[in-house]
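Chain identifiers are assigned alphabetically (A, B, ...) following the order of the sequence lines, protein sequences preceding nucleic acid strands; residue numbering begins at 1 within each chain. Keep in mind that the numbers below use all heavy atoms, side chains included, and drop hydrogens, waters and symmetry copies.
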Amino acid sequence: MPDLDPPLIAWYRANARDLPWRAEGFGAWGVLVSEFMLQQTQVSRVIPRLEEWLERWPTPADLAAAPPADAVRLWANLGYPRRALWLHRAATEIRDRHDGVVPRDVDALLALTGIGDYTARAVAVFAYGDRHPVVDTNTRRVLARAVDGKSQPGAPSKVDLASMSAILPTDDADAAILNAAAMELGAVVCTSRSPQCDACPISHACAWRAAGYPDTGDDRRKQARYEGSDRQARGAVLQVLRAASDHSAPFDAVLAEWPDALQRARAIDSLVRDGLVEVTDGRLHLPR
DNA sequence: TACTCGTGGGT
DNA sequence: TACCCAAGAGT
């Protein structure tokens, strides 16, 4: 559907947000850290944490040299703290396997801890300017609507990469911009709940609009309730340890008055399994 | 494939 | 006010 590209690219050039990782010369390490943080966390929450991280750990080797506990603590309230641990591991792998340089090859990126189909291609495209399809949830929604005429995308799959490849310009730089433009459109105009079709540069070519905005339903499964969940318990444990001056607290003192003792135990066990918490001498602490 | 994994902004 | 959902990845 090549008639989507020119208006989308023009719109992006005129309307793209001025985000830190889009600055000229931001660097592959900065892009990589930003992509880790942006995995399921909103842009507005990432920006302040990202600046803090890059100031403290300007290179992969700097992060690799720090104890994982520092990474988990500086991750603060970004959520999914396993990402902090995985980013630390990825930094170690970059130091050990790639001489401290963020790899450019997609397969090499995919081999790093915490990097999947999206992040690997985002780094190769946005940091190094190579030509690959970059598909996140925003792009999937834009394609579902504009191309497939559906209100929401189905479950993620490898087909998404092929769909984006099919409309990718030949030129590397144009391809990179289209990747970014599709994401940007989904993030600020073609949003999940209240799309601003009046402001959309490709509304004239949108299959969903042409079909009269049918509600095709949503294949995605709903998020589990957070209140009262194990995730909430895990988060509470880590909040305590992050706030402790030495990253540790007596085992029995952590969540002592949590309403569900079984759930408390389950949360601590799973955190230990994940490597986010360690138990030493009757104390819980972040991984050293 | 389906499930799990935090935290908070937007409506 | 509840609920949706967010630049996903690993198992």
Side-chain angles (χ1 to χ4, degrees), chain A residues 12 16-17 19-22 30-50 72 75-87 89-90 109-127 132-143 151-161 164 176 179-188 190-196 218-242 266-267 269-271 273-277:
Chain A
Y12 182 78
R17 290 169 294 174
L19 301 174
W21 43 91
R22 289 176 178 166
V31 171
L32 179 57
V33 174
S34 76
E35 294 299 351
F36 262 87
M37 291 183 169
L38 288 163
Q39 292 168 4
Q40 296 283 281
T41 299
Q42 300 95 322
V43 166
S44 63
R45 298 173 57 204
V46 162
I47 290 176
R49 296 279 78 77
L50 175 64
V72 173
W75 196 256
N77 61 342
L78 284 178
Y80 292 146
R82 292 190 293 193
R83 291 181 295 163
L85 212 52
W86 291 342
L87 178 50
R89 285 179 196 162
L109 286 161
L110 283 170
L112 299 174
T113 301
I115 294 192
D117 283 327
Y118 165 76
T119 303
R121 289 169 179 80
V123 170
V125 171
F126 301 137
H132 304 282
V134 182
V135 179
D136 75 335
T137 186
N138 291 306
T139 296
R140 294 192 332 101
R141 184 172 52 254
V142 169
L143 291 177
S151 60
Q152 295 288 346
S157 82
K158 293 287 186 186
V159 176
D160 302 328
L161 291 176
M164 191 61 189
N179 277 312
M183 292 170 60
E184 185 79 353
L185 188 73
V188 304
C190 192
T191 57
S192 183
R193 289 251 229 146
S194 48
Q196 309 294 310
D218 191 342
D219 297 357
R220 297 169 303 177
R221 57 186 312 103
K222 286 177 189 164
Q223 280 184 1
R225 180 176 186 79
Y226 183 66
E227 193 66 28
S229 68
D230 285 12
R231 296 157 84 165
Q232 185 183 36
R234 284 168 54 105
V237 169
L238 283 185
Q239 270 185 36
V240 169
L241 295 181
R242 279 197 308 261
R266 207 160 54 231
D269 280 350
S270 72
L271 287 168
R273 270 198 304 279
D274 287 346
L276 281 164
V277 168

May I ask you to say what A/Leu110 touches in the nucleic acid, namely base, sugar-phosphate or nothing, with a heavy-atom cut-off under 4.0 Å? nothing
What does nucleotides 6-11 of chain B look like as a protein-contact string, B for base, S for sugar-phosphate only, - for none, at under 4.0 angstrom between heavy atoms? BBBSB-
May I ask you to say what A/Arg49 touches in the nucleic acid, namely base, sugar-phosphate or nothing, with a heavy-atom cut-off under 4.0 Å? nothing
Counting any heavy atom closer than 4.0 Å, what does A/Ser34 reach on the DNA or RNA strands: base, sugar-phosphate only, or nothing? nothing
If you count heavy atoms of other groups shown closer than 6.0 angstrom to CZ of A/Arg17, is the number above 12? yes
So what does A/Thr113 hit on the nucleic acid, given a heavy-atom distance under 4.0 Å: a base, only sugar-phosphate, or nothing? sugar-phosphate
How far, in whole Å, is C/dG10 from B/dG8 if one measures between their P atoms? 24 Å
Heavy atoms only, 4.0 Å cut-off, all strands: where does A/Thr137 land among base, sugar-phosphate and nothing? sugar-phosphate
Could you pick out which residue, A/Gly116 or A/Lys222, lies toward the 5' side of DNA chain C when each is mapped onto its nearest nucleotide? A/Lys222
A/Glu35 and A/Arg83 ion-paired at < 4.0 Å: no
Where chain A begins and ends its contact with DNA chain C, read 5' to 3' at 4.0 Å from heavy atoms: C/dC3 to C/dG10
P atom, C/dA7 versus B/dT4: distance in rounded Å? 23 Å
Euclidean distance, A/Arg45 CZ relative to A/Leu38 CG, rounded to 0.5 Å: 11.0 Å
Decide yes or no on side chain to side chain donor-acceptor pair (under 3.5 Å) for A/Arg234 and A/Ser270, but give the supporting numbers first. CA-CA 8 Å; A/Arg234 284 168 54 105; A/Ser270 72; 2.8 Å; yes
Which is true for A/Arg225 with a 4.0 Å heavy-atom rule: it touches a base, it touches only sugar-phosphate, or it touches nothing? sugar-phosphate
